[in-house]
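To find a chain, count down the sequence lines: A is the first, B the second, and so on, and within it residues start at 1.
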Amino acid sequence: MAISFNLNGSTVTVQAEPDTPLLWVIRDEVGLTGTKFGCGAALCGACTVHLNGSPIRSCQTPVSAVAGKKVATVESLSADNSHPLQKAWVKHQVPQCGYCQSGQLMSATALLAKNKNPSDSDIDAAMSGNLCRCGTYNRIRAAIKDAAAEMRKA
Amino acid sequence: MTTTRRDFLKTTAVASGVSVLGMYLPGLGGEEAHAAGSVHTPNAWVHIADDNTVTLISHMSEMGQGVHTSLPMLIAEELGVDITKVKVATAGANPAYVNGLLGAQITGGSTAIRDAWEKLRIGGAQVRTMLVQAAANKWGVDASTLTAENGVVSGGGKSATYGELAAAAASVPVPKDVKLKDPSQFKVVGKPLQRLDTPSKVNGTAQFGIDAKVPGMVYASIEQTPVIGGKPKSFDAAKAKAMPGVIDVVQIGDGVAVVADSYWHAFKARKTLKVEWDNGAGAGLSTAAMWAGIKDAEKTIKPIKIRPDVGNAQNAINGAAKVLKANYTTQLIAHQPLEPMNFIADVKGDRCELTGPTQFPQGAQGTAAAVLGIKPENVTVTTTFLGGGFGRRIELDFIAQAVQVSKAVGRPVKVLWTREDDMKHDFYRPQGLQRMEAGLDESGKPVGVKFQMTSQSITQRAFGLPKNTLDPFMVEAAVAPYDVANTSHDLIIHDAGLRVGYLRAVSHTMNCFANECFMDELANAAKQDPVEYRLSLLKDARYTNVLKLAAEKAGWGKKLPKGRALGVALMEGYGTYMAQVAEVSVTGGNVKVHKVTVACDPGRMVNPEIVRQQLESGIIYGLSGALYGEITLKDGQVQQNNFNDFRVIRQNESPVIDIVLVESNEKPGGVGEPSTSLIGAAVGNAIFTATGKRVRDFPLASHLKKA
């Protein structure tokens with residue numbers, strides 16, 4: 001069936017069974033591959049996107065649940081890496097293999113949208129659902145604080 | 001050691017079907033497709049297009065360890081190009097790119113920089129020399145009057161870009177001898193430059209295997225044998241075949257593959273398959289039976305000497321004032337890189353094109369050739385970024401599956417596993433049991449030490465190492481750095497029945513855990529401080545230096561709140577010397593690692609910032625396996641499923657990591673793995689100091705609760 005939703009600011013209409021996870025619709029139907037498949041069970045956070053501004057696990061969200069709503073993926077941050085979090089990620093040289101980083105960035109973006117000055121425990125609470133097997137956690141923490149400071153100045 | 005890694009991998013890689021291949025340079029696809037005009041390939045490492053696009057070839061797969069930056073830095077140093085303006089491509093399968101330390105085209109063993117250190121600088125210098133000669137020929141001047149830097153050859157008032165000279169340079173004979181810069185002249189090597197792959201990894205454009213597409217590609221999800229080594233007996237796919245998007249259902253060696261027009265369609269239909277399995281020889285296997293087999297092997301299998309005995313350890317222990325005995329064990333664990341296993345195969349008659357994430361392109365090529373019965377040179381391999389490797393992607397099982405499915409359906413197929421597939425069909429780090437014994441004299445000094453390890457040989461399975469032969473990947477860090485007059489080091493090789501694989505740092509982790517925790521036991525029995533005790537037994541300055549630096553930086557001896565303590569570990573691995581101090585607290589039986597201080601002397605560094613990244617990464621990876629992760633078997637089946645029951649370190653458990661790097665002119669060591677190995681021992685020692693409980697079994701967190 002045809003389902004329409006707003007993806008990164010534009011309306012998309014996809015042909016998919018209603019139970020198809022949003023993840024696979026974004027990746028295989030729309031062709032935006034920044035959002036990753038990691039566990040298929042909301043345990044790793046690699047598939048994190050925003051639904052009406054809140055972070056969700058797209059592997060556990062049927063596409064029918066996003067009809068008419070706003071979805072944002074890592075590609076919405078910026079193509080030229082000008083978003084404060086992308087800049088901080090580059091400055092702190094966060095990614096190694098990079099596979100989890102789209103999900104990390106989307107969880108971090110959602111955190112900073114609500115909390116302009118997150119403490120360590122705020123970061124723990126917002127980011128512990130996002131696994132990184134390369135162990136980039138400390139750099140993620142530093143980059144979030146840096147980006148938050150930058151965004152407070154703006 | 002009697003057999004070097006290089007020697008036996010060289011012979012066995014050929015024996016296992018990975019033979020010498022026809023020469024062709026990496027496919028001019030990917031980044032190079034964007035270059036305008038012809039692309040010229042003066043040698044295997046440098047491609048220059050007419051429009052001055054310079055592409056440097058990484059013969060190692062980028063799996064997070066930074067080789068797409070560090071290897072180009074080595075080439076660029078001598079080539080004379082701006083590293084921020086080059087493109088980087090991964091080499092295809094080709095003998096030109098064989099890893100000299102492993103004898104096969106493998107990314108692993110923390111070998112990238114050690115292999116590349118001279119080879120890539122020579123590669124860059126050759127091409128610079130050829131460009132200069134091409135300009136000299138064109139302008140009718142002597143090459144010695146010209147200089148080359150920043151992609152331009154100039155002299156005598158004339159100048160030309162590398163792009164303008166590339167066509168002519170490609171036909172200049174490759175110089176045999178080139179003079180390399182003295183390290184004091186380095187402009188690129190040794191600088192903490194930003195990684196070249198970072199920009200694509202923060203905006204979703206980096207292409208991993210899971211993201212790759214080829215025209216006409218379809219998707220496969222495979223119901224795999226629940227017992228590793230089993231095979232399908234029969235299956236009923238009636239329901240699956242009627243589901244949306246399903247193209248075909250085919251049986252392959254180790255499973256039944258549903259092929260569909262999308263991954264989700266393939267996966268959903270797979271869930272409806274009814275398969276009867278022949279579980280094979282592994283059906284009765286359990287973790288307890290495997291441990292029992294290991295203990296039995298200690299009695300029935302003749303040990304191999306890891307190195308010739310020094311003095312007579314048994315006599316020395318017999319005559320000692322105090323004797324200590326302890327057994328250490330390490331558990332089965334899975335690699336679990338975050339990108340699930342996947343690969344694309346496109347079989348067309350007697351040719352095959354492979355695309356995906358692999359640490360072993362030459363093995364991928366050999367595997368496809370063997371499966372299809374075609375010549376290896378008819379198989380091309382395009383390596384994407386790897387969403388983690390850790391040794392899992394040295395294996396070729398998922399590539400063989402993709403080839404079989406593509407052949408069966410006559411289309412390009414992407415095979416993609418689930419997390420559960422990966423958890424239950426890994427090549428696991430083997431179990432290990434170390435029996436340690438030592439005798440101390442009246443002063444507490446060790447006069448005799450015995451080390452005996454029983455574990456499984458990965459190299460027997462992976463590369464056909466003959467039985468009863470020392471497997472060097474089992475005895476890494478088995479010989480501790482301490483000066484003891486009488487020692488014996490023995491190895492018992494026993495196949496416990498489950499397939500095993502090389503996992504980041506391999507046996508270093510197992511042996512360092514036993515050696516370094518036992519060293520603390522000796523210090524404790526001698527009533528001496530663990531750092532002072534180690535220092536009194538060390539001769540090599542590189543060890544003492546890192547140990548002192550780490551202890552000082554960590555505030556060794558400082559007063560800590562009750563329940564909190566420091567623990568130390570020391571090791572050399574991959575030519576890198578390292579000490580770690582872990583600051584740990586235990587409350588209500590729960591372990592929390594607050595901080596890890598690292599002093600590391602890796603010899604000369606190509607990019608110190610990437611070295612730091614790797615040390616941090618290794619600690620977090622090693623901590624997951626030391627504290628939490630465990631694979632168990634029942635009725636031959638792996639009981640763990642996903643990250644809910646195979647626990648790994650998360651953001652809220654990540655310790656602060658404080659690193660001191662030693663500036664050194666020693667030859668470069670590997671940095672991808674060593675830090676993984678020390679953390680378990682350092683944490684184990686801290687747990688003892690904090691609680692008085694000596695935990696000798698990984699994973700530490702669950703065994704502490706039982707202690």
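Scanning all heavy atoms of the two residues, the minimum distance from A:S102 to B:G204 falls at OG-CA, 4.2 Å. Closest of all the heavy-atom pairs between B:N642 and A:A41 is ND2-CB, 3.8 Å. Contact record, B:G387 with A:C97: C-SG, 3.5 Å, taken as the closest heavy-atom pair.
Between chain B and the residues A:I140, A:T73, A:V74, A:L23, the largest count of heavy-atom pairs under 4.5 Å involves A:V74. Counting heavy-atom pairs closer than 4.5 Å to chain A, the top-ranked of the candidates B:P244, B:G66, B:S200 is B:P244. Ranking B:K268, B:K213, B:Q65 against chain A, the residue ahead of the rest is B:K268, based on heavy-atom pairs under 4.5 Å. The most heavy-atom pairs under 4.5 Å with chain A, out of B:I620, B:D197, B:I210, B:T418, come from B:I210. The residue among A:G135, A:G34, A:G38 with the most heavy atom pairs within less than 4.5 Å of chain B is A:G38. Heavy-atom pairs under 4.5 Å with chain A were tallied for B:I649, B:T205, B:I610; the largest tally goes to B:I649.
Within a 6.0 Å radius of NZ in A:K145, more than 12 heavy atoms belonging to other residues, nucleotides or ligands are found. Enclosure of atom NZ in B:K191 by more than 12 non-hydrogen atoms of other residues, nucleotides or ligands within 6.0 angstrom is indicated.
Contacts between B:F385 and chain A at a heavy-atom distance below 4.5 Å are absent for every atom of the residue. Neither the backbone nor the side chain of B:F267 comes within contact range of chain A, judged by heavy atoms closer than 4.5 Å. Interface remark: A:S78 contributes backbone atoms only to the contact with chain B (heavy atom separation under 4.5 Å). For A:D19, the parts lying under 4.5 angstrom from a heavy atom of chain B are both the backbone and the side chain. For a residue to count as touching a neighbouring chain, one of its non-hydrogen atoms must lie under 4.5 Å from one of that chain's; by this rule A:R27 touches chain B with backbone and side chain alike. For a residue to count as touching a neighbouring chain, one of its non-hydrogen atoms must lie under 4.5 Å from one of that chain's; by this rule A:L105 touches chain B with the side chain only. The part of B:E420 that comes within reach of chain A is its side chain, from C-beta onward, which places non-hydrogen atoms under 4.5 angstrom from that chain.
Between the side chain of A:Y99 and the backbone N or O of B:P337, no donor-acceptor pair lies under 3.5 Å. A donor-acceptor distance shorter than 3.5 angstrom exists from the side chain of A:N138 to the backbone of B:P655, with no hydrogens or angles considered. Judged purely by atom type and a 3.5 angstrom limit, A:Q86 uses its side chain to pair as donor or acceptor with the backbone of B:V202. Listed for the B:R650 side chain is a donor-acceptor partner under 3.5 Å among the backbone atoms of A:S128. Between the B:N203 side chain and the A:A79 main chain, a donor and an acceptor come within less than 3.5 Å of each other. Checking side-chain atoms of B:N644 against main-chain N and O of A:L43 turns up no donor-acceptor pair under 3.5 Å. Panel note: side chain A:Q96, backbone B:Q613; a donor-acceptor pair is recorded below 3.5 Å.
Taking NZ from B:K201 and CD from A:Q104, the interatomic distance works out to 14.0 Å, rounded to the nearest 0.5 Å. Atoms OG and CE, from B:S654 and A:M127 in turn, are 12.0 Å apart once rounded to the nearest 0.5 Å. Distance CD/B:Q651 to CD1/A:I123: 7.0 Å, rounded to 0.5 Å. For the atom pair A:C132 SG and B:Y621 OH, the distance stands at 12.0 Å (nearest 0.5 Å). In this structure, SG on A:C100 lies 12.0 Å from CD on B:E339, to the nearest 0.5 angstrom.
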Going through the checks in order, is the side-chain contact (heavy atoms from CB on, under 4.5 Å) test met by A:R133 and B:H335?
-> CA-CA 9 Å; A:R133 294 293 283 144; B:H335 298 81; over 6 Å; no
Go through the steps for A:D28 and B:W264 under the test side-chain contact (heavy atoms from CB on, under 4.5 Å), then give the verdict.
-> CA-CA 9 Å; A:D28 290 349; B:W264 182 250; 5.9 Å; no
Pair A:Q93-B:T198, side-chain contact (heavy atoms from CB on, under 4.5 Å): steps then yes or no | CA-CA 7 Å; A:Q93 289 289 286; B:T198 307; 3.6 Å; yes
Please report the C-alpha distance between A:K36 and B:D211 in whole Å, then the side-chain angles of each, then the deciding distance to 0.1 Å, and finally whether the side-chain contact (heavy atoms from CB on, under 4.5 Å) criterion is met.
-> CA-CA 9 Å; A:K36 301 303 188 209; B:D211 306 322; 2.5 Å; yes
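Proximity of B:L338 to A:C44: side-chain heavy atoms (C-beta onward) are separated by under 4.5 Å at one or more points.
Ring orientation note: the planes of A:F37 and B:Y263 are tilted relative to one another, at an angle of 30° to 60°.
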